[in-house]
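Just so it is clear: chains get the letters A, B, ... in the order the sequence lines come, proteins before strands, and each one is counted from 1. Note that the structure is predicted; figures quoted are calculated from it, not measured.
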There are 2 protein chains.
Amino acid sequence: MFSDFERYIKTQAVLTEEDIRLFRDTAIEKKLRRKDLLLQEGEICRYKTFVCKGFLRTYRTTGNGNEHVMQFSPENNWTTDPESYEHHTPSCYNIDALEYTEVVMWTKKDFDYLFDHIPLLKVYSDKLIASNLSRTRQRVFSAISATAEERYDEFIKMYPGILTRVPLHMVASFLGVSRETLSRIRHTQVKS
Amino acid sequence: MFSDFERYIKTQAVLTEEDIRLFRDTAIEKKLRRKDLLLQEGEICRYKTFVCKGFLRTYRTTGNGNEHVMQFSPENNWTTDPESYEHHTPSCYNIDALEYTEVVMWTKKDFDYLFDHIPLLKVYSDKLIASNLSRTRQRVFSAISATAEERYDEFIKMYPGILTRVPLHMVASFLGVSRETLSRIRHTQVKS
DNA sequence: CAAAAACGGTGACAAATGTCCTCGTTTACG
DNA sequence: CGTAAACGAGGACATTTGTCACCGTTTTTG
């Protein structure tokens with residue numbers, strides 16, 4: 001598990017063996033079965049999490065109990081609730097596993113320690129945040145400017161291969177349409 | 001104009017007179033008339049911009065020429081296209097003034113210099129980015145989970161007083177609905 | 001393995017929204 | 001100041017989407 005992370009992070013940043021040792025000494029490994037929750041609404045998100053293997057989903061619920069998918073996190077991706085993590089406030093998100101998943105996590109205290117001792121980590125982290133913001137902006141633009149079908153096509157391009165791992169009603173939820181609407185869109189696309 | 005910025009930034013971060021001097025020496029002041037463009041689609045966004053007075057709008061256009069408002073930036077707000085600014089790539093955004101506006105701007109080169117010489121500036125900037133990401137996430141959640149009316153109500157709460165400064169069709173554009181739909185929503189709310 | 005749950009699709013109908021149009025008022029600007 | 005543009009509203013109609021109900025299949029799980 002940590003070895004998966006080690007292999008990945010070495011492709012993203014130039015790290016010394018000492019850096020890797022710091023990561024390893026503070027990492028918490030965790031295995032999740034399908035449907036297990038990594039974070040529950042109302043809890044404080046205490047970790048930055050890296051997905052080594054498997055698939056996580058971040059979602060929010062509305063008053064009437066509807067689930068809305070905010071993010072899919074397949075292997076080799078980071079996930080957390082930045083607000084809750086940073087300010088130690090209750091989170092409004094749930095994070096669960098869509099399949100058997102292995103993660104490595106760090107507490108804020110430990111990760112801040114890593115920031116202090118691995119200068120390049122901050123640079124890497126800033127890049128992740130920047131690209132995260134950019135993608136979120138793009139998603140807003142899609143939401144306000146594109147039709148449901150266009151958003152679906154964009155989604156397929158952005159996350160190729162995801163359809164075989166995620167049930168369609170979650171894709172619909174991510175796109176902000178009902179599963180029936182997504183079903184219709186897919187139906188019309190079969191013909192063309 | 002710079003004095004507006006100086007007054008504001010002192011409420012946000014603890015700065016020395018020397019820090020202020022660095023800001024002042026590198027700042028570019030600019031006045032914009034209504035409808036003037038600060039950034040045009042296709043250009044490289046070369047500045048971080050602080051709005052001292054007035055009102056900016058950031059929007060994108062789709063293939064068929066429709067404008068979609070991504071952001072409103074009243075006085076005491078920062079704006080830029082982070083992607084274009086950071087990577088010197090052509091921007092897909094337009095930024096224009098909705099009324100007479102005064103801004104101060106810094107080139108990336110100068111602002112990076114400020115980062116190097118004013119340690120707290122990075123902390124402040126990181127906070128802005130974090131809250132920006134948080135708000136953008138919230139907007140995605142609204143877009144995929146709420147009705148047009150709920151999004152409108154949320155908008156009013158989030159930006160009180162904005163309705164008197166921004167034409168309704170731009171609010172509609174920001175919310176991702178047609179101006180007719182927004183008109184209907186407002187009509188039904190008058191009764192209740 | 002067998003029961004239960006999850007899943008994907010579809011039809012019928014209602015509700016929401018977009019599009020196109022006109023109209024009167026307000027605002028901008030030469 | 002006067003003309004033109006921008007603006008907000010509203011009606012009529014078409015389209016999209018949501019909701020509800022149902023069905024057959026696949027997957028999960030005890």
Side-chain angles (χ1 to χ4, degrees), chain A residues 32-36 54-55 57 59 62-69 72 96-101 142-153 155-156 162-192, chain B residues 32-37 54-55 57 59 62-69 72 96-101 142-156 162-192:
Chain A
L32 297 162
R33 287 171 307 172
R34 190 174 126 89
K35 295 192 184 177
D36 279 352
F55 216 119
R57 165 186 69 146
Y59 65 97
T62 44
N64 48 45
N66 287 35
E67 293 181 357
H68 298 276
V69 177
F72 292 116
D96 66 357
L98 298 183
E99 51 187 68
Y100 171 76
T101 298
S142 280
I144 66 176
S145 71
T147 65
E149 179 164 8
E150 288 164 346
R151 295 205 300 280
Y152 174 68
D153 292 340
F155 178 82
I156 299 298
I162 212 176
L163 282 188
T164 56
R165 300 174 74 179
V166 173
L168 286 179
H169 73 264
M170 288 188 190
V171 176
S173 166
F174 183 94
L175 296 175
V177 299
S178 65
R179 56 204 178 80
E180 289 91 341
T181 295
L182 180 57
S183 200
R184 287 180 203 128
I185 290 171
R186 288 164 54 82
H187 178 75
T188 65
Q189 289 194 343
V190 172
K191 300 176 186 170
S192 51
Chain B
L32 298 162
R33 288 171 307 171
R34 190 174 126 91
K35 296 191 184 176
D36 279 352
L37 279 168
F55 216 119
R57 164 185 71 144
Y59 65 96
T62 46
N64 47 47
N66 287 37
E67 293 182 357
H68 299 275
V69 177
F72 291 116
D96 67 357
L98 299 184
E99 51 188 66
Y100 171 75
T101 298
S142 280
I144 66 176
S145 72
T147 64
E149 179 163 10
E150 289 164 345
R151 295 205 300 280
Y152 174 67
D153 292 341
E154 217 172 285
F155 178 82
I156 298 299
I162 211 176
L163 282 189
T164 58
R165 301 175 73 180
V166 172
L168 285 181
H169 73 264
M170 288 188 191
V171 176
S173 167
F174 182 94
L175 295 174
V177 298
S178 65
R179 55 206 176 81
E180 290 90 342
T181 295
L182 181 58
S183 200
R184 287 179 202 128
I185 289 171
R186 287 163 55 83
H187 178 75
T188 65
Q189 289 193 345
V190 173
K191 300 178 187 171
S192 52

Can you give me the closest heavy-atom contact between [X] and [Y], atom names plus distance?
| X | Y | value |
| --- | --- | --- |
| B:L182 | B:A172 | CD2-N, 3.6 Å |
| A:V177 | A:A148 | CG1-CB, 3.8 Å |
| A:E149 | A:I185 | N-CD1, 3.7 Å |
| B:S145 | A:T62 | CB-CG2, 4.1 Å |

Divergence of helical axes at both termini of the helix from C:dC1-D:dG30 to C:dG30-D:dC1 - five pairs an end, 10° steps: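 Terminal axis comparison yields 60°.
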Footprint string (nucleotides 12-30 of chain C, 5' to 3'): B base within contact, S backbone only, - free, heavy atoms under 4.0 Å: B----BBBBB------S--
Nearest-0.5 Å distance, CD of residue A:E99 to CZ of residue A:R57: 12.5 Å
Leading and trailing nucleotides of DNA chain D with any atom under 4.0 Å from heavy atoms of chain B: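 The contact span of chain B on DNA chain D goes from D:dC7 to D:dA12.
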Test log, rule side chain to side chain contact (heavy atoms under 4.5 Å, CB included), inputs B:D153 and B:Q189: CA-CA 10 Å; B:D153 292 341; B:Q189 289 193 345; 2.9 Å; yes
Contact list for DNA chain C against residues 164-172 of chain A - heavy-atom distance below 4.0 Å: A:P167, A:L168, A:H169
Partner of A:V171 by side-chain contact (heavy atoms from CB on, under 4.5 Å), out of A:I156, A:L163, A:V69: A:L163
A:F55 and A:F72 aromatic ring geometry - parallel, tilted or perpendicular at 30°/60° bounds: perpendicular
Contacts of type ring pair (Phe, Tyr, Trp, His ring centres under 6.0 Å), residue B:Y152, not counting sequence neighbours: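 B:Y152 satisfies ring pair (Phe, Tyr, Trp, His ring centres under 6.0 Å) with no residue once adjacent residues are dropped.
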Partners meeting ring pair (Phe, Tyr, Trp, His ring centres under 6.0 Å) with B:Y59 (sequence neighbours left out):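 Partners of B:Y59 by the ring pair (Phe, Tyr, Trp, His ring centres under 6.0 Å) criterion come out as none, since no residue qualifies.
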N/O donor-acceptor pair under 3.5 Å between B:R151 side chain and B:L175 backbone: yes
Verdict with reasoning, A:R165 to A:L98, per side chain to side chain contact (heavy atoms under 4.5 Å, CB included): CA-CA 8 Å; A:R165 300 174 74 179; A:L98 298 183; over 6 Å; no
Spacing between A:H187 atom NE2 and C:dG11 atom C1', to the nearest angstrom: 11 Å
